[in-house]
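For reference, the structure discussed in these notes is given below.
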2 protein chains.
Amino acid sequence: MTGLELDSEELPTRERILREASRLFGKKGYHGTSTRKIAEAVDIRQPSLFHHFPSKDAIMAELIDIDLDEAATVAQAQASADGSAALRLYKYLIWDISFICRCAYDLTSVESVLDDPVFADKRARHQTLVDARRSLIEEAIDSGEFVKVDPEVAERAIVWILRGDINDTAGQAIPDADVVADQLASFILRALLSDPSRLDEIRVAAGESVA
Amino acid sequence: MTGLELDSEELPTRERILREASRLFGKKGYHGTSTRKIAEAVDIRQPSLFHHFPSKDAIMAELIDIDLDEAATVAQAQASADGSAALRLYKYLIWDISFICRCAYDLTSVESVLDDPVFADKRARHQTLVDARRSLIEEAIDSGEFVKVDPEVAERAIVWILRGDINDTAGQAIPDADVVADQLASFILRALLSDPSRLDEIRVAAGESVA
DNA sequence: TCGGTAGCCTATCGATTGATAGGCCTGGGG
DNA sequence: CCCCAGGCCTATCAATCGATAGGCTACCGA
């Protein structure tokens, strides 16, 4: 625990900027959100934003880092681990969805701006996440744990289920994050497992390794 | 067939505006795309856009109508039909994904602007689509064809898989649209069917009703 | 032949954008 | 006591936004 269970109004201005900006970016899109609207949400004047961030882009860049850094680390850790690839994918999914649900920021807008040349320097980090995820999927297909499906199709479906979760639950501090995570991860595993009856075994195994 | 298998450069200006605008909206977002960029892509001057559309909003509005009108009709038809709800959901999915793949427009941006008050008049039509889809899912769960899963979770996953398909294939006139449609629809059905072995039976039944 | 209309153009509008300049106030260290 | 740095303010900037006004040209039906 970080110990900052502060009321929203007591949070440092910089932190409040990140939260309100992420919320507005998620709702109206990055380009659809002006610095004046962000300032209004934080209840300061628009130029005051630039005492905390050098530019509007920098606010978005920080949100991108928050989204990618931990996700890429966890995905890579699972990709390079041993044992059942299906189990490792499940663990990654549970972690990622829980993270999304618990995160104080609405990270909806992150992936949709990654193609923008302005944020080109974030693309490498994003690619490591994509590669790690892809690697887990292909491993599970090759080993026969998953049905013979186009890895591209599977990954696209997974990525967008996650993105939908971000979009619908982000920045709300969902109380039952674990339940949501299990439901979505189970949905994905059922769609991919050659033997769907293995799902419960995988859920139990993942639960044990966490506890 | 409509008979307009024209070269892109021979298309009427109005049509080229719709196509280029949809492509740019999909890539940069609605607010991230200026009317000048659209005009540049169509190779006309910016004010000339307003001889074909009264406003930038009107371009987006037309794309929304294209996206929603047929989708809502098909979804409602399947929702009010008889027989296996799982089969009807599969049919709707196949139709929708094929439509997305074949569509001349990139409809990525449509759903992301539906919350905007500017397009509030489109929301009712969108709601009929959402309701019809939800109804199919709940019917399949209640009848036992689908596993006992939260309908909200299932619908969210489906919607976002579809949206991901829009985003990644839109406006490209995918040649093997049928293959993509079957793969994605099968992914969804596998995740939901209580008895996954019924998938092949459903695919065959859907194929027959089309032919 | 002529009037009108469709389609595109140049020039320009007011509003809004992200960002800068510089002043005011407060709190802490010498 | 003074100084100064951090944090916020007002005022304002140039750039870009969506949209309008009005002129030129090609074409079509009476």
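In what follows, chains carry the letters A, B, and so on, assigned in the order in which the sequence lines appear, proteins first and then strands, with residues in each chain numbered from 1.
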Using distance alone, with no hydrogens and no angle criterion, decide if [X] and [Y] have a side-chain donor and acceptor under 3.5 Å apart.
X	Y	result
B/Y90	B/Q78	no
B/S84	B/E145	yes
A/Y92	A/R133	yes

What is the distance, to the nearest angstrom, from the [atom1] atom on [X] to the [atom2] atom on [N]?
X	N	atom1	atom2	value
B/M60	D/dG18	CE	P	14 Å
B/R45	D/dG18	CZ	P	17 Å
B/L11	C/dG7	CG	P	15 Å
B/F50	D/dG22	CZ	P	18 Å
B/F25	D/dG18	CZ	C1'	12 Å
B/D57	D/dA19	CG	P	6 Å
A/I38	C/dT16	CD1	C1'	15 Å
B/H51	C/dT10	NE2	P	12 Å

Distance below 4.0 Å between [X] side-chain N/O and [N] OP1 or OP2:
X	N	result
B/T13	C/dC8	yes
B/S48	C/dC9	yes
B/S55	D/dG18	no
B/H52	C/dC8	yes

message: Could you check whether any side-chain heavy atom of A/T169 comes within less than 4.5 Å of a side-chain heavy atom of B/R156, counting everything from C-beta outward?
response: yes

Do the side chains of B/D115 and A/K27 get nearer than 4.5 Å, heavy atoms only?
->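 No, their side chains stay 4.5 Å or more apart.
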
Listing time: all N or O pairs from protein to nucleotides 11-16 of chain D that are below 3.5 Å?
none

Q. Distance-only, no hydrogens or angles: does the B/K28 side chain make a donor-acceptor pair with backbone N or O of A/H31 under 3.5 Å?
A.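 Flag not set: sc B/K28 to bb A/H31 has no pair under 3.5 Å.
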
Exercise for the section: Check for a donor-acceptor pair, side chain of A/Y30 on one end and backbone N or O of A/D57 on the other, with a separation under 3.5 Å. Expected result: yes

With the side chain defined as heavy atoms from C-beta on, B/K56 is closest, among C/dG18, C/dC9, D/dA19, to D/dA19

